[in-house]
**Student:** 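Quick one: this structure, given as structure tokens, is what I'll be asking you about.
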Amino acid sequence: LYAMHTGSYFAEGLELPAAGGSKVIFDTFVCDPLVVDQFVYKLWLNGFTEKEAALRRQSHLTPPTLPTSAITPASPMSVSSSSVLSASQASGLAGSSGVAGGPSARSQMAVYSLQTWSSLLLHETEDQYRNYRYMENILVNPPSLASQTMFQLAPSVQKFLVENYYLTDDLFLREVLGKKLTNGLRRDMQDIAEKTRLRLSCCYRLFDNLKRVHKAVLQDTKVPAVDVIQAHFMLSKELAGKYARAVFMSIHRFDGGKKRIQFLSYADFDRFAGILMQYWAATPIPVAAHPPPASTKDTALCVELDARFKDDIRDLKAHLLSTREVIERYRRFVKARFQTPPLGASSSSSSLTPSSITTPPLSTTPLTASVSTTPLSTSTSTLSASSASVIPSMPKHRLKELENKFKSILKGLLSIGANMSDPKEFKNIFDDLVELVVEPCRRIGMTGPELDQFFIYLLEGFDPHILDLLGLKHRQRFAQSWRRYLEAIRLVLIHMYS
């Protein structure tokens, strides 16, 4: 009776004589195209048991055949009896969507008591859970989903199953940020489940997914990470980009546990990772399995930092701090620019504010397009004209304090940049930014626009003629590396400052 109503499957064992008197048993399996209840599937992913899922479904459905007086007031998600019947025709029992059933179907369901209906709902939920457990071995390798023959799945259903199976959780990612994805960390999932209030099975799934993606990207860190993830796991660009940024933070072990940066959420770190990848990542090599992108906007970013860029910033620290005169020239230039702010800038070209900054998507402008190749004297003036807005001059008392702290702030920025060559130090970049830049600027009383202008003037002031660095070899390359470095720091700090 249950198989007849659910229309799900039946199995029969066939016994045939074999050599030696033994018997070989063949199991046959006949199945309709699998109907995936999205609500049940998400409950399964979130770690609910079959009984818990059935109770939740029951609270969202109105049982057919019961008199109105016996029905508990429906929740906002409840559906009509005709909708229930239509889903029962599709999946074998009361569901949540579909085409209304005919009079005969409604009359059949009318004989069921509430207890029978609840029991069948539980059986149907158990049936769905059993299918998802069988399917999990396929979902860990999404490309095989299209070639498997166990389940008949439409392409749209396959996409839904994979995308939701690999969905991430920000609370979980915040807890594992900066930690090595080892079996030891997997054994700590109980603690993470308690902190995030996620089911333990859900935490295991999130951890295994992240580790699986991490391993795939690490196979070649010079290849665009988004392309690798999409090729291996058939995910959307948006979700693949989020995984790429998570892997980037995992590879560099960014520490989010320091007290000074507890105010930052995972969304903030995700934003920062996108900025750093956009400006500091090595130039990606197109994936051989894919044709070259039609335009630069389709080029993804890899997760390794540009080696030459790291060396340039480390060497710049030595050059800029070599003599006191270089820092003094830099300080005088920035002070003069604050005393004479740019005039005539259009309101549409105003400086970046925290609300106007967006994280550069991983699949947009490539690194080579992000870094200007024009001479510094030209590019800095363009930056000033296009980025600076008409703002009042900084009050004298704040400007005086900035003068006094200029050297320490500049040394902090250079030290953070030099730490890119040392993984043990680089992982503390966000804590260092708060300690060495954000907190001193807050003590000065600088506003967000003033901090923005400060970085614009730092970019303008790095000119061999201004700083008397004409004897510096490869100064044009150093200038472009300094621009890459400061532009990324600027975007991160403005968001932190807000």
Side-chain angles (χ1 to χ4, degrees), residues 221-222 224-225 245 248-249 252 254 271-285 296 299-320 330 351-352 357-384 386-387 409-410 412-422 425-426 429-430 432-433 437 451-452 454-464 467 469 472-496:
T221 55
K222 301 299 183 183
R245 295 188 290 273
F248 174 77
M249 289 187 280
H252 297 289
F254 290 144
R271 180 194 191 101
F272 299 155
I275 293 171
L276 300 187
M277 291 178 74
Q278 179 72 18
Y279 284 94
W280 297 355
T283 305
I285 303 170
T296 56
T299 305
L301 300 175
C302 58
V303 294
E304 285 288 352
L305 299 182
D306 188 334
R308 173 172 285 184
F309 166 71
K310 291 191 294 183
D311 293 342
D312 286 349
I313 301 301
R314 183 192 59 204
D315 295 342
L316 269 176
K317 179 183 177 182
H319 289 300
L320 290 178
Y330 216 162
S351 62
L352 291 173
I357 299 172
T358 56
T359 303
L362 291 180
S363 57
T364 56
T365 313
L367 184 63
T368 52
S370 299
V371 183
S372 173
T373 56
T374 57
L376 184 65
S377 58
T378 303
S379 59
T380 51
S381 60
T382 304
L383 174 69
S384 174
S386 62
S387 299
I409 293 175
L410 182 61
L413 288 170
L414 289 168
S415 296
I416 292 170
N419 287 342
M420 285 191 290
S421 299
D422 185 353
E425 296 294 334
F426 183 55
I429 178 173
F430 300 118
D432 291 341
L433 283 173
V437 184
L451 180 67
D452 188 20
F454 176 65
F455 275 88
I456 290 175
Y457 299 153
L458 284 178
L459 286 167
E460 290 180 0
F462 191 86
D463 189 304
L467 302 182
L469 295 173
L472 180 65
K473 292 183 179 180
H474 310 295
R475 56 180 179 269
Q476 187 63 38
R477 194 187 78 207
F478 280 122
Q480 300 307 329
S481 295
W482 185 239
R483 172 176 301 281
R484 286 173 63 181
Y485 175 69
L486 281 189
E487 283 287 7
I489 294 293
R490 174 190 177 205
L491 292 175
V492 169
L493 285 179
I494 288 176
H495 183 72
M496 276 190 180

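Predicted, not measured: the structure shown is a model, and the values here were computed from it.
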**Student:** So how far is it from Phe454 CZ to Leu486 CG, rounded to the nearest 0.5 Å?
**Tutor:** 9.0 Å

**Student:** Can you name the closest pair of heavy atoms from Cys302 and Ala282 and give their distance?
**Tutor:** SG-O, 3.0 Å

**Student:** Anything under 30° is parallel, anything over 60° is perpendicular, the rest tilted; go ahead and classify Trp482 against Tyr330.
**Tutor:** tilted

**Student:** To check you understand the geometry: which heavy-atom pair defines the closest contact between Met249 and Ala273, and what is its length?
**Tutor:** CG-CB, 3.7 Å

**Student:** Look only at the side chain of His252 and the backbone of Met420, and say whether a donor-acceptor pair between them is shorter than 3.5 Å.
**Tutor:** no

**Student:** Flag the pair Leu493 / Phe455 as yes when at least one side-chain heavy-atom distance between them is below 4.5 Å, and no otherwise.
**Tutor:** yes

**Student:** Can you confirm whether Arg308 is buried at CZ, in the sense that more than 12 heavy atoms of other residues, nucleotides or ligands lie under 6.0 Å from that atom?
**Tutor:** no

**Student:** If the test is salt bridge (Lys or Arg N to Asp or Glu O under 4.0 Å), which one of Asp306, Asp312, Asp311 qualifies with Arg477?
**Tutor:** Asp312

**Student:** Compare every heavy atom of Ser481 with every heavy atom of Ile313, then report the nearest pair and how far apart it is.
**Tutor:** CD1-O, 3.6 Å

**Student:** Do Tyr279 side-chain atoms and Glu487 backbone N/O form a donor-acceptor pair below 3.5 Å?
**Tutor:** no

**Student:** If we check side chain to side chain contact (heavy atoms under 4.5 Å, CB included) with Leu320, which of these qualifies: Leu414, Asp315, Leu413?
**Tutor:** Leu414

**Student:** Which pair of heavy atoms, one from Leu433 and one from Ile416, lies closest together, and at what distance?
**Tutor:** CD2-CD1, 3.6 Å

**Student:** Say you draw a straight line from CZ of Arg475 to CD of Gln480; how long is it, rounded to the nearest 0.5 Å?
**Tutor:** 13.0 Å

**Student:** Below 4.5 Å, heavy atoms only, C-beta onward: do Ile456 and Arg490 meet side chain to side chain?
**Tutor:** yes

**Student:** Taking all non-hydrogen atoms of both residues into account, name the closest pair between Arg484 and Ala281 and its distance.
**Tutor:** NH2-O, 3.7 Å

**Student:** Below 4.5 Å, heavy atoms only, C-beta onward: do Phe248 and Leu276 meet side chain to side chain?
**Tutor:** yes

**Student:** Quick one: do Tyr485 and Leu316 satisfy side-chain contact (heavy atoms from CB on, under 4.5 Å)? Show the steps, please.
**Tutor:** CA-CA 11 Å; Tyr485 175 69; Leu316 269 176; over 6 Å; no

**Student:** Would you indicate whether the side-chain heavy atoms of Ile489 and Val437 approach each other to under 4.5 Å?
**Tutor:** no

**Student:** Phe309: which residues meet the ring pair (Phe, Tyr, Trp, His ring centres under 6.0 Å) condition with it, sequence neighbours left out?
**Tutor:** Trp280

**Student:** My understanding is that only residues two or more places apart in sequence, or in another chain, count here; which of them pass side-chain contact (heavy atoms from CB on, under 4.5 Å) with Asn419?
**Tutor:** Glu425, Asp432

**Student:** Do Leu305 and Phe426 have side-chain heavy atoms sitting under 4.5 Å apart?
**Tutor:** yes

**Student:** So which atom in His495 and which in Phe272 form the shortest heavy-atom distance, rounded to 0.1 Å?
**Tutor:** CD2-CE2, 3.5 Å

